[in-house]
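Bear in mind the structure is a predicted one, so any value in this text is a computation, not a measurement.
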Amino acid sequence: IKQDYILLILNCKAYKHKAESQKNTWLKTLPKNIKYYHVIGDTKLSKPYIFNDDENILYLKCKDNYNSLPKKVINAFYAVNKEFDFKYIFKTDDDQKLIKPQFFHSFLNILSNKKDCHYGGFSLYVQTHISQYFYIHSCLPKKLVLKETRYCNGRFYFLSNEAVNNVLMKKNIIEKDYIEDHSIGL
């Protein structure tokens with residue numbers, strides 16, 4: 001299916017109300033050439049993924065919890081890569097609100113004028129260290145090592161088709177990680 005731009009929004013069954021809030025507000029302002037899906041894990045699926053276009057939901061055969069975010073994201077990329085002929089995937093979360101309604105219109109304009117733009121967002125640089133994220137998410141390991149890298153914050157980042165294919169070659173590694181945005185950048 002030809003679809004130049006796909007927005008994946010990480011969601012879960014417990015926070016369906018957040019998805020509904022987004023659908024009733026800023027998702028209505030998306031340019032027509034962006035298709036969006038809220039991404040939800042469901043271990044009971046009979047297939048690796050199911051696209052529900054009526055509800056704009058991508059169901060993935062995986063756990064629907066915080067520690068499964070890397071697996072959820074890389075499998076969402078896999079599903080989109082299998083089903084769509086796309087230029088870019090945009091990734092965000094269900095707790096994000098779009099403050100500037102013209103953001104995606106302007107952003108697509110910028111992307112269309114750039115060549116070799118494969119990965120971007122709010123960029124962070126970290127040296128190898130023990131993560132402190134377990135203070136926020138107690139389900140995470142206390143001695144979680146994050147390797148040195150530059151990565152884009154998970155609130156919003158984008159990947160070109162070429163970049164998606166690159167990270168898919170590391171699917172087995174990413175699925176075993178804990179910090180989704182760091183893992184994708186690494």
Side-chain angles (χ1 to χ4, degrees), residues 1-11 15 18-40 49 51-53 55-58 60 69-127 146-171 173-174 177 179-186:
I1 302 168
K2 178 81 169 134
Q3 180 66 51
D4 286 347
Y5 307 104
I6 298 183
L7 172 62
L8 297 175
I9 307 166
L10 293 188
N11 189 223
Y15 293 131
K18 291 182 179 185
E20 290 305 317
S21 176
Q22 289 177 326
K23 286 179 182 182
N24 291 324
T25 56
W26 64 269
L27 285 173
K28 291 181 176 183
T29 69
L30 283 180
K32 298 294 182 214
N33 58 346
I34 298 178
K35 177 77 175 159
Y36 77 88
Y37 291 98
H38 282 97
V39 182
I40 297 174
Y49 58 86
F51 285 93
N52 179 333
D53 287 310
E55 297 291 323
N56 293 86
I57 298 173
L58 168 55
L60 299 169
L69 288 178
K71 186 172 186 168
K72 191 185 270 190
V73 167
I74 197 66
N75 282 289
F77 292 170
Y78 174 83
V80 168
N81 199 50
K82 285 288 186 190
E83 302 297 328
F84 291 95
D85 175 14
F86 66 95
K87 291 181 182 176
Y88 287 95
I89 290 178
F90 308 135
K91 182 270 171 189
T92 193
D93 298 324
D94 62 6
D95 61 350
Q96 298 304 298
K97 293 180 171 94
L98 189 64
I99 296 169
K100 296 181 180 181
Q102 290 301 312
F103 169 78
F104 280 102
H105 295 276
S106 300
F107 186 60
L108 293 182
N109 235 1
I110 292 167
L111 272 182
S112 67
N113 292 317
K114 296 275 185 188
K115 291 184 180 179
D116 297 327
C117 194
H118 298 289
Y119 174 57
F122 183 77
S123 179
L124 305 168
Y125 170 77
V126 294
Q127 294 180 337
L146 294 182
K147 294 179 182 176
E148 179 180 8
T149 195
R150 180 169 295 284
Y151 69 99
C152 296
N153 179 291
R155 291 184 179 149
F156 177 82
Y157 61 79
F158 69 90
L159 294 152
S160 70
N161 185 299
E162 185 177 328
V164 169
N165 281 293
N166 181 285
V167 297
L168 285 173
M169 290 189 289
K170 301 158 188 87
K171 184 174 180 285
I173 297 166
I174 292 169
D177 212 338
I179 307 298
E180 166 261 325
D181 48 4
H182 178 268
S183 183
I184 297 298
L186 187 63

Considering non-hydrogen atoms only, spot the tightest contact between [X] and [Y] and give its length.
X     : Y     : result
Leu10 : Lys91 : CD1-CE, 3.5 Å
Glu55 : Asn52 : N-OD1, 2.9 Å
Ala79 : Leu60 : CB-CD2, 4.5 Å

Compile the donor-acceptor pairs under 3.5 Å between side chains in residues 27-39 and protein atoms, sequence neighbours left out, one pair per line.
residue: Thr29; atom: OG1; partner: Trp26; partner atom: O; Å: 2.7
residue: Tyr37; atom: OH; partner: Asp53; partner atom: OD1; Å: 2.4
residue: His38; atom: NE2; partner: Gln22; partner atom: OE1; Å: 2.8

Give a yes or no on whether [X] atom [atom1] has more than 12 heavy-atom contacts from other residues, nucleotides or ligands under 6.0 Å away.
X      : atom1 : result
Lys170 : NZ    : yes
Phe51  : CZ    : yes
Lys171 : NZ    : yes
Glu20  : CD    : yes

Would you give the length of the straight line joining atom [atom1] of [X] to atom [atom2] of [Y], rounded to the nearest 0.5 angstrom?
X      : Y      : atom1 : atom2 : answer
Asn81  : Asn161 : CG    : CG    : 6.0 Å
Leu69  : Ile174 : CG    : CD1   : 13.0 Å
Tyr49  : Glu83  : OH    : CD    : 3.5 Å
Ile40  : Asn11  : CD1   : CG    : 4.5 Å
Leu146 : Asp177 : CG    : CG    : 7.5 Å
Phe104 : Leu7   : CZ    : CG    : 5.0 Å

- Message: I'd like to know whether Leu108 forms a side-chain contact (heavy atoms from CB on, under 4.5 Å) with Phe90, so could you lay out the CA-CA distance, the side-chain angles of the two residues, the decisive distance to 0.1 Å, and finally the verdict.
- Response: CA-CA 11 Å; Leu108 293 182; Phe90 308 135; 3.7 Å; yes
- Query: How would you list, by chain and number, every residue that makes a ring-ring contact (aromatic ring centres under 6.0 Å, His included) with Phe86, sequence neighbours excluded?
  - Reply: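 Listed in chain order: nothing, the list is empty.
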Would you mind reporting whether [Y] and [X] have side-chain heavy atoms less than 4.5 Å apart?
X      : Y      : value
Ile74  : Phe77  : yes
Phe107 : Tyr88  : no
Tyr5   : Phe158 : no
Tyr151 : Leu186 : no

- Got a salt bridge between Lys97 and Asp95, using NZ or NE/NH1/NH2 to carboxylate O under 4.0 Å? no
- Message: Between Asp4 and Lys2, does any NZ, NE, NH1 or NH2 come within less than 4.0 Å of an OD or OE carboxylate oxygen?
- Response: yes
- Message: Within the 3.5 Å criterion, strictly below it, is a donor on Asn113 or Asn109 matched to an acceptor on the partner's side chain?
- Response: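 Absent: no donor and acceptor within the cut-off.
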- Query: What residues, two or more places apart in sequence or in another chain, satisfy salt bridge (charged side-chain N to carboxylate O under 4.0 Å, His left out) together with Lys18?
  - Reply: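 By the salt bridge (charged side-chain N to carboxylate O under 4.0 Å, His left out) rule, Lys18 matches no residue at all.
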Which donor-acceptor pairs under 3.5 Å do side chains of residues 117-127 form with protein atoms, sequence neighbours excluded?
residue: His118; atom: ND1; partner: Ser160; partner atom: OG; Å: 2.6
residue: Tyr119; atom: OH; partner: Cys152; partner atom: N; Å: 2.8
residue: Ser123; atom: OG; partner: Arg150; partner atom: NH1; Å: 3.1
residue: Tyr125; atom: OH; partner: Glu148; partner atom: OE2; Å: 2.2

- Query: What pairs with Asn24 under side-chain hydrogen bond (donor to acceptor under 3.5 Å, both in side chains), at least two apart in sequence or on another chain?
  - Reply: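 Expected list: none.
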- Residues in side-chain hydrogen bond (donor to acceptor under 3.5 Å, both in side chains) with Tyr157, at least two apart? Glu180
